[in-house]
> 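Below is the structure I would like to discuss, written out as structure tokens.
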Number of protein chains: 2
Amino acid sequence: MNDLALGSIPIEKIEPGMTVRYSQTISDADIKAFAGISGDHNPVHVDSEYAERSRFGKRIAHGLMSAGFFSALFGTKLPGPGCVYVSQTLVFKRPVYIDDTVTAAVTVTKVDKEKGRVFFDTTCTVRGKAVITGNAEIFIPKSKS
Amino acid sequence: MNDLALGSIPIEKIEPGMTVRYSQTISDADIKAFAGISGDHNPVHVDSEYAERSRFGKRIAHGLMSAGFFSALFGTKLPGPGCVYVSQTLVFKRPVYIDDTVTAAVTVTKVDKEKGRVFFDTTCTVRGKAVITGNAEIFIPKSKS
């Protein structure tokens, strides 16, 4: 068995301050698909007439959709395939609207090489303002090659 | 303007110990759709040949997909439409595989009527074992009727 660190960044090369980013413009299709998968058909996400009368004024994206971009960065960029998601904290600071471009960034804050753990600051911003803040812990299994 | 507490449970009726649940059997379609929305095409989610050689032995669902069921419960059942997701912590305890039935449960732990805040324990289980644990805070805006 091989834990497939191949294609990912080995823990020896990971240092505090390293950052990777991903940006995506949120569309109606994203929101409808997320509602379908999650079962979250809260009208503030899917019903424009309801959303207009709500505190948000128009439809907003599911908060956990933007959080999915953190998962994408961990699983495909830093550390990349083979890593294990241990924990994530999320504080939802501002709403995300359709046509907003969300930029997710994960930044290494601490590396525990002995235990194979990497700790991250995780932030989503829209036009430079934080919409989600939080922290994550990632485990990198030792390669058995 | 009306914050549309209509259809949701008013904070006066929310008490510690109240629980709502949602169950969903995870399919390939869920995983592919989540990968498409989030950009998380980590091969452990989408590539069976890779996943067979990984520590998990077969493809696993994105952890944040199961977390989406908490959002669904808050936004549609307890407290229901009109509430605002403030924060969520997530600890990923075990993998979720295709054909697993995930049961999400959110249980009220504390109610701060003055500040309109409700605190929850949040858990996803598969066959009675926890796959995700965590906590959430929800804000219920005062109705302006």
Side-chain angles (χ1 to χ4, degrees), chain A residues 1-4 7 22 24 26 29-31 33-45 47 50-51 53-57 62-76 80-93 95 104 133-137 141 144, chain B residues 1-4 7 22 24 26 29-31 33-45 47 50-51 53-57 62-76 80-93 95 104 133-137 141 144:
Chain A
M1 190 175 146
N2 182 334
D3 273 315
L4 295 167
Y22 174 77
Q24 183 167 315
I26 303 302
D30 293 324
I31 293 172
F34 194 92
I37 300 170
S38 67
D40 187 353
H41 290 268
N42 185 334
V44 80
H45 303 307
D47 176 343
Y50 176 100
R53 287 174 285 131
S54 77
R55 64 191 283 109
F56 299 112
H62 302 78
L64 287 169
M65 186 195 301
S66 298
F69 305 146
F70 300 142
S71 171
L73 286 167
F74 296 135
T76 66
C83 75
V84 177
Y85 214 166
V86 176
S87 68
Q88 175 75 59
T89 64
L90 300 164
V91 180
F92 302 104
K93 311 283 279 186
T133 59
N135 299 280
E137 180 181 345
K144 292 178 183 165
Chain B
M1 189 172 148
N2 182 332
D3 272 316
L4 296 167
Y22 174 76
Q24 184 167 316
I26 303 302
D30 293 324
I31 293 173
F34 194 92
I37 300 169
S38 68
D40 188 353
H41 291 269
N42 184 335
V44 80
H45 302 309
D47 177 343
Y50 176 101
R53 287 174 286 131
S54 77
R55 64 191 285 110
F56 299 114
H62 302 78
L64 287 168
M65 185 194 303
S66 298
F69 305 145
F70 300 143
S71 170
L73 287 167
F74 296 135
T76 65
C83 74
V84 178
Y85 214 166
V86 177
S87 68
Q88 175 75 58
T89 64
L90 299 164
V91 180
F92 303 104
K93 312 283 278 187
T133 59
N135 298 280
E137 180 180 346
K144 293 178 181 165

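Computed from heavy atoms alone, side chains included, the values below leave out hydrogens, waters and symmetry copies. The chains referred to below are lettered A, B, ... by the order of the sequence lines, with proteins before strands, and numbering in each begins at 1.
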> Tell me the side-chain hydrogen bond (donor to acceptor under 3.5 Å, both in side chains) pairs involving residues 84-93 of chain B, sequence neighbours left out?
Tyr85(B)-Gln88(B), Gln88(B)-Thr122(B)
> Mind checking the NE2-OG1 spacing from His45(A) to Thr76(B)? Nearest 0.5 Å is all I need.
9.5 Å
> For chain B, which of His62(A), Met65(A), Gln24(A) has the most heavy-atom pairs under 4.5 Å?
Gln24(A)
> What side-chain donor-acceptor pairs closer than 3.5 Å can you find for residues 36-43 of chain A, not counting sequence neighbours?
from     : atom 1 : to       : atom 2 : distance (Å)
Ser38(A) : OG     : Phe34(A) : O      : 2.8
Ser38(A) : OG     : Asp40(A) : N      : 3.0
Asp40(A) : OD1    : Asn42(A) : N      : 3.1
Asp40(A) : OD2    : Ser71(B) : OG     : 2.5
His41(A) : NE2    : Ala35(A) : O      : 3.2
Asn42(A) : OD1    : Val44(A) : N      : 3.1
Asn42(A) : ND2    : Gly75(B) : O      : 3.4

> Only pairs of heavy atoms separated by less than 4.5 Å count here; which of Val86(B), Leu73(B), Asp30(B) has the most with chain A?
Val86(B)
> Taking the side chain as C-beta and beyond, is there a heavy-atom pair between Phe92(A) and Val84(B) under 4.5 Å?
no
> If you count heavy-atom pairs within less than 4.5 Å of chain B, which of Phe70(A), Phe69(A), Tyr22(A) leads?
Phe69(A)
